[in-house]
Amino acid sequence: MATSTEIQEPVAKNIRDRRTINSFRSEVPPQETILHAIELACWAPNHKLTEPWRYYLLGSETFQRIVELNTKLVTASKGVEAAEKKREKWSQIPGWLVVTYQRSEDKLRDQENYAAVCCAIQNFSLSLWSAGIGMKWTTGPVTRDDGIYQILDLNREQEEIAGVLWYGYPAEVPSMKRHPPDQFITQLP
């Protein structure tokens, strides 16, 4: 009979092996794989079953508008050379998904909705990873700029961007080490 650790090992391997990918190959992953990952993302825990997540799959016209917005932002903060490097890198990303969450006037519910969407993004990431697809979750300045809300036709009072998710087949998978968990555990009586 298998032990509980042996039963959990496929999930544990996926969690341990998953990496943030910064460099993608050019081919775009199949749409059905992305949609399946979004469906699995929607199984994330969410308080009171608010299902606060919203997903925006971006086509090339929309993501290029975001690339241009980011180029303007980076030019203003870091100069033309840095902006052109970002433009080139961002223009090569094969898949773009913007994830938002529904806002609430209740501060606690708003926090819970953000936490739920973070869990959904992790589900999405792990689902993609199991299909050989990598992802990077960015929350950089462009995600907080009014321009992206205009590009996506979002009402900022009703929806907040939790992140832009870039996905594709990894060109390179970085190695990673983590500290032993006992460094983070405090046992209380």
Side-chain angles (χ1 to χ4, degrees), residues 1-25 29 33-34 36-56 70 74 77-78 86 89-90 93 95-145 148 159-189:
M1 178 174 249
T3 66
S4 62
T5 303
E6 291 169 332
I7 293 169
Q8 294 172 333
E9 198 49 42
V11 173
K13 181 174 178 12
N14 198 33
I15 291 170
R16 286 188 191 108
D17 289 351
R18 187 215 52 84
R19 296 287 175 271
T20 296
I21 300 302
N22 291 298
S23 179
F24 299 96
R25 298 191 327 236
T33 304
I34 304 309
H36 181 68
I38 291 172
E39 187 268 327
L40 292 173
C42 292
W43 285 94
N46 58 105
H47 194 67
K48 303 267 188 207
L49 294 177
T50 58
E51 297 183 288
W53 36 73
R54 300 295 180 268
Y55 304 94
Y56 297 88
N70 190 64
V74 175
S77 66
K78 298 180 180 175
K86 282 267 188 177
K89 183 174 181 174
W90 283 31
I93 296 168
W96 290 63
L97 178 70
V98 175
V99 182
T100 69
Y101 63 98
Q102 297 288 282
R103 299 301 312 267
S104 174
E105 291 180 13
D106 179 308
K107 187 177 178 180
L108 178 59
R109 177 62 47 86
D110 205 49
Q111 257 184 329
E112 290 169 342
N113 286 348
Y114 177 70
V117 87
C118 290
C119 292
I121 290 170
Q122 177 72 349
N123 282 6
F124 179 77
S125 175
L126 291 170
S127 176
L128 290 184
W129 193 257
S130 69
I133 300 167
M135 187 197 92
K136 179 172 183 165
W137 175 3
T138 184
T139 58
V142 74
T143 66
R144 294 181 295 282
D145 190 85
I148 195 170
E159 267 179 276
E160 185 78 20
I161 293 174
V164 174
L165 311 183
W166 297 322
Y167 60 86
Y169 295 104
E172 173 182 327
V173 177
S175 61
M176 178 64 66
K177 291 184 181 178
R178 296 290 171 126
H179 292 91
D182 61 354
Q183 293 184 18
F184 309 108
I185 299 170
T186 301
Q187 292 191 16
L188 302 173

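What's counted below: heavy atoms across the whole structure, side chains too, no hydrogens, waters or symmetry copies. Source: prediction; values computed, not measured.
Nearest approach of Ala41 to Tyr55, heavy atoms of both residues: CB-OH, 3.5 Å. Pro45 approaches Cys119 most closely through the heavy-atom pair CD-CB, 4.1 Å. Of all heavy-atom pairs spanning Phe24 and Lys136, the tightest one is CZ-N, 4.3 Å. Trp53 approaches Ala116 most closely through the heavy-atom pair CZ3-O, 3.7 Å. Taking all atoms of both residues into account, the shortest heavy-atom contact from Thr33 to Ala131 is CG2-CB, 3.9 Å. In plain terms, the two heavy atoms of Gly168 and Pro29 that are nearest each other are CA-CG, 3.8 Å.
Rounded to the nearest 0.5 angstrom, Arg16 CZ and Trp129 CH2 are separated by 15.0 Å. Annotation: the span from Arg144 atom CZ to Thr139 atom OG1 amounts to 6.0 Å, rounded to 0.5 Å. Here the CG-CG distance, from Leu126 to Leu40, works out to 10.0 Å after rounding to the nearest 0.5 Å. How far CD of Glu160 is from OG1 of Thr100: 9.0 Å, rounded to the nearest 0.5 Å. Put simply, OH on Tyr101 and CG on Asp110 are 5.0 Å apart, with the number rounded to the nearest 0.5 Å. From Gln111, atom CD reaches atom OG of Ser104 across 11.0 Å, with rounding to the nearest 0.5 Å.
Inspection of the Ser130 and Asn14 side chains reveals no N or O donor paired with an N or O acceptor under 3.5 Å.
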Residues Trp166, Trp96; criterion side chain to side chain contact (heavy atoms under 4.5 Å, CB included); working and verdict: CA-CA 5 Å; Trp166 297 322; Trp96 290 63; 3.3 Å; yes
Assess the residue pair Glu112 and Asp106 against the criterion (side chain to side chain contact (heavy atoms under 4.5 Å, CB included)); give the C-alpha distance rounded to whole Å, side-chain angles, the decisive distance to 0.1 Å, and a yes or no. CA-CA 10 Å; Glu112 290 169 342; Asp106 179 308; over 6 Å; no
As a quick check of understanding, evaluate side chain to side chain contact (heavy atoms under 4.5 Å, CB included) for Asn46 and Val117, giving each step before the final call. CA-CA 8 Å; Asn46 58 105; Val117 87; over 6 Å; no
Start with the C-alpha gap between Val142 and Trp90, add the side-chain angles, then the distance that decides, and say whether side chain to side chain contact (heavy atoms under 4.5 Å, CB included) holds. CA-CA 12 Å; Val142 74; Trp90 283 31; 3.6 Å; yes
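By the neighbour-count criterion of 12 heavy atoms within 6.0 Å, atom CD of Gln183 is densely surrounded, having more than that number from other residues, nucleotides or ligands.
Judged by distance alone, with hydrogens and angles left aside, the side-chain atoms of Trp137 form a donor-acceptor pair with the main-chain N or O of Ala162 at under 3.5 Å. Remark: side-chain polar atoms of Asn113 are not paired, donor with acceptor, to backbone N or O of Arg103 under 3.5 angstrom.
When side chains are defined from C-beta on, Tyr56 does not count as touching Leu97, because their heavy atoms never get closer than 4.5 Å. Under the 4.5 Å side-chain criterion, counting only non-hydrogen atoms from C-beta, Thr20 is not in contact with Met176. Using a 4.5 Å cut-off on side-chain heavy atoms (C-beta onward), Pro170 and Ile133 make no contact. Side chains of Thr50 and Gln102 form no contact here, defined as non-hydrogen atoms less than 4.5 Å apart.
Arg19 has no carboxylate O lying under 4.0 Å from a charged side-chain N of Glu172, or vice versa, which leaves the two without a salt bridge.
Results of the side-chain contact (heavy atoms from CB on, under 4.5 Å) test with Val99 over Val164, Leu165, Thr143 single out Leu165 as the only residue that passes.
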